[in-house]
Participant: 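Below are the structure tokens for one structure; questions will follow.
Heads up: numbering here begins at 1 and tracks the sequence. Just so you know, these numbers come straight off a predicted model, no measurement behind them.
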Amino acid sequence: MHELRKNSRFKDFGKFECRQISLIPGVLSNISISGMKVTFDSLDSFDMNIYYETSIRLAKRSGDPIKLLVLPVWRFDGRTGGSSSVQIGFEIQHSLEYDKLSSYIDELSKSDEVEEDEEEQNKTVDVDITVQFSDDESGSQPDDYLLQEECECQFL
């Protein structure tokens with residue numbers, strides 16, 4: 001599932017608040033006119049198929065937070081190194097304060113904060129792994145060991 005973004009994505013830092021998703025605010029790490037990536041320390045399940053009203057407070061923008069309507073489009077549960085952080089990609093819908101976001105993105109586009117191209121940022125590598133069982137004295141293989149035919153991995 002590789003999709004090329006049609007809009008430039010900018011490195012940014014901000015506070016993402018939506019009590020319907022989490023009582024603890026998430027951390028926004030990048031944004032474009034059409035989407036954003038937010039990381040939560042931990043997160044229970046929530047409906048990925050509905051729109052949420054949120055407010056974002058951006059580090060490079062003073063004033064009131066921007067209120068937006070967003071739809072979750074992807075989720076990555078990062079359970080590495082004892083961390084249980086969850087990253088969520090949101091699609092931004094046109095909403096009442098969309099113009100505030102648009103002017104903010106225009107300001108960012110004048111700076112050089114554009115993130116690396118998606119191709120460079122997330123490279124996909126196909127890996128074939130062969131698992132070989134060693135027979136024990138009875139000649140049987142462990143029957144509680146299951147392999148998935150296909151899985152996704154993220155290398156950090």
Participant: Is there a continuous path of hydrophobic side-chain contacts, each under 4.5 Å between heavy atoms, that joins Ile24 to Val27?
Facilitator: no
Participant: When hydrophobic residues are tied together by side-chain contacts of less than 4.5 Å, even through go-betweens, does Ile50 share a cluster with Ile88?
Facilitator: yes
Participant: So, the side chain of Arg57 versus the backbone of Ser62: is there a donor-acceptor pair under 3.5 Å, distance only?
Facilitator: no
Participant: When you measure from the side chain of Ser32 to the backbone of Gly35, do you find a donor-acceptor pair of N or O atoms at a distance under 3.5 Å?
Facilitator: yes
Participant: What pairs with Glu53 under salt bridge (charged side-chain N to carboxylate O under 4.0 Å, His left out), at least two apart in sequence or on another chain?
Facilitator: none
Participant: Please say whether more than 12 non-hydrogen atoms of neighbouring residues, nucleotides or ligands are located less than 6.0 Å from CG in Leu96.
Facilitator: no
Participant: Roughly how far apart are Ile92 CD1 and Ile56 CD1, rounded to 0.5 Å?
Facilitator: 6.0 Å
Participant: In chain order, what residues pass the side-chain contact (heavy atoms from CB on, under 4.5 Å) check against Arg61, with sequence neighbours excluded?
Facilitator: Leu58, Ile66, Lys100, Tyr104
Participant: Tell me every residue that passes ring-ring contact (aromatic ring centres under 6.0 Å, His included) with Phe46, counting only those two or more places apart in sequence or in another chain.
Facilitator: Tyr52
Participant: State whether the side chain of Ser22 and the backbone N or O of Leu43 hold a donor-acceptor pair below 3.5 Å, judged by distance alone.
Facilitator: no
Participant: List, by chain and then residue number, the residues other than Tyr51 in its hydrophobic cluster (Ile/Leu/Val/Met/Phe/Trp/Tyr, side-chain heavy atoms under 4.5 Å); write none if there are no others.
Facilitator: Leu69, Leu71
Participant: Decide yes or no for Asp12 and Lys60: does some side-chain heavy atom of the first lie under 4.5 Å from some side-chain heavy atom of the second?
Facilitator: yes
Participant: Kindly compute the distance separating CD (Gln87) from OG (Ser29), expressed to the nearest 0.5 Å.
Facilitator: 6.5 Å
Participant: Check whether any side-chain N or O of Ser102 sits under 3.5 Å from a backbone N or O of Asp99 as a donor-acceptor pair, and report yes or no.
Facilitator: no
Participant: Determine whether Met36 and Val70 satisfy the following criterion, side chain to side chain contact (heavy atoms under 4.5 Å, CB included), listing intermediate values before the conclusion.
Facilitator: CA-CA 9 Å; Met36 67 181 85; Val70 297; 4.1 Å; yes
Participant: Who pairs with Tyr98 by ring-ring contact (aromatic ring centres under 6.0 Å, His included), at least two apart in sequence or on another chain?
Facilitator: His94
Participant: Atom NZ of Lys11 and atom CG of Asn30: how far apart are they, to the nearest 0.5 Å?
Facilitator: 10.0 Å
Participant: Let me confirm one number: the CZ-OG distance from Arg19 to Ser55, rounded to the nearest 0.5 Å.
Facilitator: 9.5 Å
Participant: Calculate, to the nearest 0.5 Å, the distance between atoms CZ and CG belonging to Phe40 and Asp77 respectively.
Facilitator: 12.0 Å
Participant: If the condition is side chain to side chain donor-acceptor pair (under 3.5 Å), which residues does Glu91 pass it with, not counting sequence neighbours?
Facilitator: Gln93
Participant: Which heavy-atom pair separates Ser45 from Arg75 by the least distance, and what is that distance?
Facilitator: CA-NH1, 4.2 Å
Participant: Within the 4.5 Å heavy-atom criterion, are Ile31 and Leu108 side-chain neighbours or not?
Facilitator: yes
Participant: When rounded to the nearest 0.5 angstrom, what distance separates SG in Cys18 from CG in Leu68?
Facilitator: 11.0 Å
Participant: Begin from the C-alpha positions of Lys37 and Leu28 and carry the test side chain to side chain contact (heavy atoms under 4.5 Å, CB included) through to its verdict.
Facilitator: CA-CA 6 Å; Lys37 179 173 74 172; Leu28 181 141; over 6 Å; no
Participant: Using 30° and 60° as the class limits, which term best fits the ring planes of Phe16 and Phe90: parallel, tilted or perpendicular?
Facilitator: parallel
